[in-house]
Amino acid sequence: MLAVLFILVAFVPVLPVSAEGVWETLFAGEDHQVNSVAVDANNVIWLGMDHGVLGFNPKDASKTMSYSDGVAFTAIAIDRDNVKWFGTDSKGVFSYDGKTWKKYTTENGLVHNDIHQIIIDKDNVKWFGTGGGISSFNGAAWKTYIPENQDRAYDGNSVTGITVDADGVVWCTLIYNNGIFSFDGVNWKRHHREGLYSNGVTSIAADANNKKWFGTAESGVAVFDNITWMGPIAMQFGDSQPGDPLHWHGLAGANVRSIVVDQNNIVWFGTKTGVSSFDGKTWEIYTTEDGLVGNDVKQIFVDKNNVKWFLTDRGVSSFNDRADYPMNVDEEENNLPYPINIRGNFPNPFNPTTTIEFSVGRESLATLAVYNLAGQKVRTLINGERLTAGVHSVVWDGKDEAGKAVSSGTYLCRIMAGNFVSVNKMTLLR
């Protein structure tokens with residue numbers, strides 16, 4: 001019987017930090033560990049907690065739903081029918097279709113009640129990586145897959161990661177070193193490269209080119225293109241940064257916890273020391289200095305709008321790339337250019353004043369404000385004013401709304417017009 005669980009959640013609107021998108025931060029109550037996150041087709045945010053699951057729409061508090069079965073909810077996935085699937089650490093799987101909750105355990109056909117990961121394939125089949133192998137559920141029947149039926153050259157079947165590639169091949173990683181297996185529907189195959197991983201494989205994802213990406217606990221990332229292994233990536237791409245070995249060659253850290261591929265085929269890596277993305281050519285790193293709420297990233301989720309959600313040790317952050325922002329109908333029909341852009345602030349660094357210069361592509365209502373790195377608004381400089389097309393500027397005197405001088409540090413200037421946002425970093429040195 002599911003019981004109501006009351007959890008305090010604060011939604012911090014827009015933490016603007018990257019010139020390439022907008023960050024938002026979601027904080028859960030300090031006394032509750034968040035283990036998993038997903039966003040459904042109705043934009044309801046679902047959080048798996050230590051003692052239950054919470055679903056809420058930040059725009060409508062009346063739609064908040066909280067349930068508990070007395071166990072930790074460790075994994076969440078949303079299927080093509082918008083049914084929510086929740087994995088637990090000892091009591092199997094729950095599903096919720098918006099009206100009815102159902103529970104599935106080993107008595108129903110699940111191979112093990114400890115659920116580590118859930119994925120949904122292109123045919124809407126649910127795949128569950130568990131503490132004892134893999135189970136799938138097509139809505140009518142359960143199937144079980146245990147790699148040891150084909151290969152006993154390892155010590156257990158606890159699955160740390162699972163994915164289904166473009167050919168329908170199931171890939172899984174096991175908790176022990178070099179435990180990588182694939183299943184083509186008939187046979188299991190073990191994949192092993194001596195010395196590639198120092199402490200086991202932690203995560204897996206398949207990209208649009210059918211390359212498989214494997215995260216490790218200490219050796220960065222490896223890639224398999226179905227013919228050749230490349231890796232660890234920490235020793236393959238880019239130039240090292242002397243004195244900071246955890247930022248080897250594009251990765252924010254060598255300890256990779258989660259890998260996902262977004263709708264633009266950009267690969268995202270959650271590490272113990274931040275987030276990295278790789279578009280096939282360029283690496284980007286994001287940390288708390290850019291808008292991430294915490295650097296210890298445990299899970300990444302991509303929603304239907306291609307927004308990236310990051311589960312960290314300090315809460316949940318989302319990142320909406322500029323390319324994903326919706327266009328207003330009239331802007332799309334008239335093929336208008338990007339309507340706003342912060343050109344910079346001068347001087348930068350500054351003390352005590354700086355001039356922020358920005359351009360407006362068409363007459364619009366705009367708001368411009370300064371934030372600190374914690375996402376707190378420091379000062380509103382333009383508040384919903386109608387601005388003509390062209391170049392504009394505004395001066396910030398380094399003071400907050402109360403007229404008090406703020407301390408030295410990095411601040412974020414954000415301007416919004418319609419659905420479009422532009423941000424800029426500013427450094428105050430006193």
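For Asn348, the side chain to side chain donor-acceptor pair (under 3.5 Å) partners two or more places apart in sequence, or in a different chain, are Asn345. For Ala41, the side chain to side chain contact (heavy atoms under 4.5 Å, CB included) test picks out Asn82, Lys304, with sequence neighbours left out. Partners of Asn113 according to the side chain to side chain contact (heavy atoms under 4.5 Å, CB included) rule, which considers only residues two or more places apart in sequence or in another chain, are Thr105, Thr106, Leu110. Not counting sequence neighbours, Thr282 has no partner by the side chain to side chain donor-acceptor pair (under 3.5 Å) test. Taking the ring-ring contact (aromatic ring centres under 6.0 Å, His included) definition, one finds that Tyr104 meets it with Trp85, Phe137, Trp142, sequence neighbours left out. With sequence neighbours excluded, the residues satisfying side chain to side chain donor-acceptor pair (under 3.5 Å) with Asn210 are Asp167. For Gln263, the side chain to side chain contact (heavy atoms under 4.5 Å, CB included) criterion is met by Asn306, not counting sequence neighbours. Evaluation of the side chain to side chain contact (heavy atoms under 4.5 Å, CB included) rule for Thr88 yields Val71, Phe73, Lys91, Phe94 as partners, not counting sequence neighbours. Applying the side chain to side chain donor-acceptor pair (under 3.5 Å) rule to Asn226 yields the partners Lys212; only residues at least two apart in sequence or on another chain are considered. Applying the salt bridge (charged side-chain N to carboxylate O under 4.0 Å, His left out) criterion to Asp40, with sequence neighbours excluded, gives Lys84.
One N or O on the side chain of Asn255 and one on the backbone of Ala217 form a donor-acceptor pair closer than 3.5 Å. Side-chain atoms of Gln299 come within 3.5 Å of backbone atoms of Val37 as a donor-acceptor pair (strictly under, hydrogens ignored). Of the possible donor and acceptor atoms, one in the side chain of Ser317 sits under 3.5 Å from a partner among the backbone N and O of Val293. The main-chain N or O of Lys122 is found under 3.5 Å from a side-chain atom of Arg80 such that the two form a donor-acceptor pair. Using a distance-only test at 3.5 Å, with no hydrogens or angles considered, no donor-acceptor pair links the side chain of Thr288 to the main chain of Gly294. Counting only distance, with no hydrogens or angles, the side chain of Thr202 and the backbone of Val256 share a donor-acceptor pair below 3.5 Å. Of the possible polar contacts, one joining the Thr160 side chain to the Thr173 backbone as a donor-acceptor pair under 3.5 Å is found. Panel note: side chain Asn264, backbone Ile266; no donor-acceptor pair is recorded below 3.5 Å. Between the Asn305 side chain and the Val307 main chain, no donor and acceptor come within less than 3.5 Å of each other. Between the side chain of Thr74 and the backbone N or O of Ile115, at least one donor-acceptor pair lies under 3.5 Å.
For residues 262-274, the pairs satisfying salt bridge (charged side-chain N to carboxylate O under 4.0 Å, His left out) are Asp262-Lys308, with sequence neighbours left out. Under the salt bridge (charged side-chain N to carboxylate O under 4.0 Å, His left out) criterion, no residue pair touches residues 92-101, with sequence neighbours excluded.
Residues Ile382 and Thr367 have side chains not in contact (no heavy-atom distance under 4.5 Å, counting atoms from C-beta outward). Counting heavy atoms from C-beta on, the side chains of Val275 and Phe319 never come closer than 4.5 Å. A 4.5 Å side-chain heavy-atom check between Tyr411 and Val406 finds at least one atom pair inside the cut-off.
Here the straight-line distance linking atom CG of Asn35 with atom CG of Leu311 works out to 7.5 Å at 0.5 Å rounding. To the nearest 0.5 Å, the span separating OG1 on Thr287 from CG on Asn295 amounts to 5.0 Å. Interatomic distance, Ile342 CD1 to Leu368 CG, rounded to the nearest 0.5 Å: 5.5 Å. Rounded to the nearest 0.5 Å, atoms CD (Glu284) and OG (Ser276) are 9.5 Å apart. To the nearest 0.5 angstrom, Tyr145 atom OH is 12.0 Å from Cys172 atom SG. Within the model, atoms CG of Asp165 and CG of Asn209 stand 12.0 Å from one another, a figure rounded to the nearest 0.5 Å.
Val378 and Tyr371 make their closest contact through CG2-C, 3.9 Å (heavy atoms, listed as atom of the first residue, atom of the second, distance). Scanning all heavy atoms of the two residues, the minimum distance from Val159 to Gly133 falls at CG2-O, 3.6 Å. Closest approach of Lys425 and Glu289 over heavy atoms only: NZ-O, 3.6 Å. When all heavy atoms of Thr163 and Ile119 are compared, the closest pair comes out as CA-CD1, 3.4 Å. Scanning both residues, Gly270 and Val297, for their nearest heavy atoms gives CA-CG1, 3.7 Å. Asn138 and Ala141 get closest at one heavy-atom pair: OD1-N, 2.8 Å.
Electrostatic pairing of Arg314 and Asp296 does not count as a salt bridge here, judged by no charged N lying under 4.0 Å from a carboxylate O.
In summary, of the residues considered (Tyr286, Phe278, Trp283), a ring pair (Phe, Tyr, Trp, His ring centres under 6.0 Å) with Trp268 occurs for Tyr286 alone.
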Subject >> Derivation of the side chain to side chain contact (heavy atoms under 4.5 Å, CB included) call for Thr144 and Ser135 >> reply: CA-CA 4 Å; Thr144 291; Ser135 289; 3.8 Å; yes

**OP:** Take Val370 and Met426 through the test side chain to side chain contact (heavy atoms under 4.5 Å, CB included) and record every step on the way to the result.
**Re:** CA-CA 9 Å; Val370 176; Met426 308 180 294; 4.0 Å; yes

**OP:** Could you please spell out the steps behind the side chain to side chain contact (heavy atoms under 4.5 Å, CB included) verdict for Ile78 and Val39?
**Re:** CA-CA 8 Å; Ile78 315 295; Val39 183; over 6 Å; no

**OP:** For the pair Trp309 and Ile45, evaluate side chain to side chain contact (heavy atoms under 4.5 Å, CB included) and give the outcome as yes or no after the intermediate values.
**Re:** CA-CA 10 Å; Trp309 294 79; Ile45 302 168; 3.5 Å; yes

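Taking the six-membered ring where tryptophan is involved, the planes of Trp101 and Tyr96 are essentially parallel, since the angle between them stays under 30° and well short of 60°.
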